[in-house]
Each structure stands twice: as structure tokens, then as C-alpha cells.
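Presented below is the structure to which this report refers.
Fair warning: this is a prediction, and the values are worked out from it, not measured in the lab.
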Amino acid sequence: MTSSPRHLVHTVIIPMRWADMDSQGHVNNVTYFRYMEEARVQMFRARGLNRGGAELPPEAGPVVLNASCSYLKSLHYPGDIEVRVYAGEPGRSSVMTWYEMRPSYDAGTVYAEGSAKMCYVDRTLGRSIPLPPALRELAEGKSTEG
């Protein structure tokens, strides 16, 4: 994972589904992005930061500007995936997030690492808006993991 300053901001356990596997018998590459998305959505929801959350107008919310994933080892069904979400130093309207994915059957090993740059936008205005204070505090390490 990157050496940029970051803070653990959320951890979630996601059950693997039989349908997550591909014809090769391992979890399909695109599913890793779904695991990262699910962890991110749960983090936002837990803090009222999802679209129309307590700190946001209904037309505002987070969007992914870019995303990547490094596949270190193949995940295999069955099991649960622990996804750890880290956040970096926030900008005005964006924050970098990183992800570590570990299966329940080998919890000490990172099987995949990912990242996504998140930006908050107001769809009505068609432009970025400042990060919500709760996300800024979380990314700066001023708030505890939820």
C-alpha cells in the first residue's frame, strides 16, 4: 500500500457469495471493486455522509474520481472478507482512500489492496463542493473508526 499519510477510518466484514466466483474458481476481479464500494458506502452511511446525509443537501454526495486494485492473492469462496478503509489528508473537495482486503480463512494476509479518490459534488450546480466536516475530521484522524 502507499506510503502517504493515512488513518484507518472504517472496517467492515462482507460475506463472499457463491456468485462472486468466476469460471476459474476464484473471486472475479470486478468483485474486489464491489467489496471496496460496499465498505465505502457503509462508512458513509455510518456517519451520515451518504447522498442527502445529515451534513449534506439532498443533491450532494460522494463520487469516485478514479479507482485501482492490486490483486496479491486469489480469493476463494467460501468465507468473509474484512475490508479496512484508510483515508489520507483531505483536500478542499476530495480525499484519497485506500483499502486492504483479507479473507476470514487467512486473516493475517492482505489478498488485495485498492484505492479510490473521492470527491463531493453538487449535481444541481454541476461542480465539486467542500468535504463535509465529519469526513474531513475522519480523514485527519480527529474522529475514531466506526
Side-chain angles (χ1 to χ4, degrees), residues 1-17 20-22 26-77 79-146:
M1 196 176 302
T2 182
S3 61
S4 299
R6 64 182 194 267
H7 303 282
L8 179 64
V9 294
H10 196 72
T11 302
V12 63
I13 304 296
I14 302 170
M16 277 190 261
R17 300 170 305 159
D20 291 347
M21 286 192 302
D22 62 16
H26 55 71
V27 171
N28 186 281
N29 290 358
V30 75
T31 304
Y32 292 73
F33 287 91
R34 289 186 184 124
Y35 295 153
M36 290 186 284
E37 175 188 56
E38 181 63 25
R40 192 169 46 248
V41 167
Q42 286 190 30
M43 177 188 73
F44 290 144
R45 190 173 294 139
R47 291 174 175 79
L49 296 169
N50 51 317
R51 194 175 104 198
E55 294 189 359
L56 299 167
E59 61 279 355
V63 296
V64 174
L65 298 176
N66 62 45
S68 68
C69 186
S70 294
Y71 308 99
L72 307 175
K73 292 183 80 172
S74 294
L75 289 169
H76 296 277
Y77 179 88
D80 293 326
I81 302 300
E82 178 189 76
V83 183
R84 295 181 187 177
V85 183
Y86 298 84
E89 185 175 332
R92 182 192 75 82
S93 61
S94 66
V95 63
M96 195 67 194
T97 58
W98 293 274
Y99 306 83
E100 292 178 349
M101 290 166 263
R102 296 172 164 87
S104 56
Y105 53 78
D106 189 8
T109 305
V110 175
Y111 275 53
E113 297 175 336
S115 66
K117 186 169 187 178
M118 304 298 305
C119 181
Y120 271 78
V121 298
D122 183 317
R123 288 186 315 280
T124 303
L125 299 174
R127 65 175 190 240
S128 65
I129 60 173
L131 289 174
L135 181 56
R136 179 171 298 285
E137 290 174 7
L138 190 64
E140 291 173 343
K142 296 177 182 174
S143 180
T144 58
E145 178 186 356

Distance-minimising heavy-atom pair for H7 and A139: CD2-O, 2.9 Å
Minimum side-chain heavy-atom gap L131-R92 below 4.5 Å: no
Considering all heavy atoms, the nearest A67-F33 contact: CB-CE2, 3.9 Å
Y35 vs M101 side-chain heavy atoms within contact, under 4.5 Å: yes
Side-chain touch I13/I81, heavy atoms, less than 4.5 angstrom: no
Spacing of Y105 atom OH and Y77 atom OH [to the nearest 0.5 Å]: 12.0 Å
Closest non-hydrogen atom pair between I14 and A39, with its separation: CD1-N, 4.2 Å
Which residues share a side-chain contact (heavy atoms from CB on, under 4.5 Å) with R102, sequence neighbours left out: E82, R84, E100, V110
For E38, all residues meeting side chain to side chain donor-acceptor pair (under 3.5 Å), sequence neighbours excluded: Q42
Side chain to side chain contact (heavy atoms under 4.5 Å, CB included) between L138 and M43, worked out: CA-CA 11 Å; L138 190 64; M43 177 188 73; 4.1 Å; yes
Heavy-atom side-chain proximity of R127 to V121 below 4.5 angstrom: no
Heavy-atom side-chain proximity of L8 to V85 below 4.5 angstrom: no
Over all atoms of both residues, closest heavy-atom pair of P103 and Y111: CD-CD1, 3.3 Å
Non-neighbouring partners of S74 that pass side-chain contact (heavy atoms from CB on, under 4.5 Å), sequence neighbours left out: H26, H76
Counterpart residues, side chain to side chain donor-acceptor pair (under 3.5 Å), relative to R34 (two or more places apart): none
Heavy-atom check, side chain of V63 versus side chain of C119, under 4.5 Å: yes
Heavy-atom side-chain proximity of C69 to M36 below 4.5 angstrom: yes
T109: partners by side chain to side chain donor-acceptor pair (under 3.5 Å), with sequence neighbours left out: D106
Any donor-acceptor N/O pair, S104 side chain to D80 backbone, under 3.5 Å: yes
Non-neighbouring partners of R17 that pass side-chain contact (heavy atoms from CB on, under 4.5 Å), sequence neighbours left out: D20
Straight-line distance of M16 CE to M21 CE, nearest 0.5 Å: 9.5 Å
Intermediate values then yes/no, side chain to side chain contact (heavy atoms under 4.5 Å, CB included), V83 and T11: CA-CA 6 Å; V83 183; T11 302; over 6 Å; no
Contact check, side chains of V95 and L135, non-hydrogen atoms, under 4.5 Å: yes
With Y32 via ring-ring contact (aromatic ring centres under 6.0 Å, His included) - residues at least two apart: Y71
Qualifying residues under side chain to side chain donor-acceptor pair (under 3.5 Å), relative to S115, sequence neighbours excluded: S68
Separation of T31 OG1 from D22 CG (nearest 0.5 Å): 8.0 Å
Separation of K117 NZ from S94 OG (nearest 0.5 Å): 4.0 Å
E89: partners by side-chain contact (heavy atoms from CB on, under 4.5 Å), with sequence neighbours left out: none
R136 (side chain) donor-acceptor with G91 (main chain) under 3.5 angstrom: yes
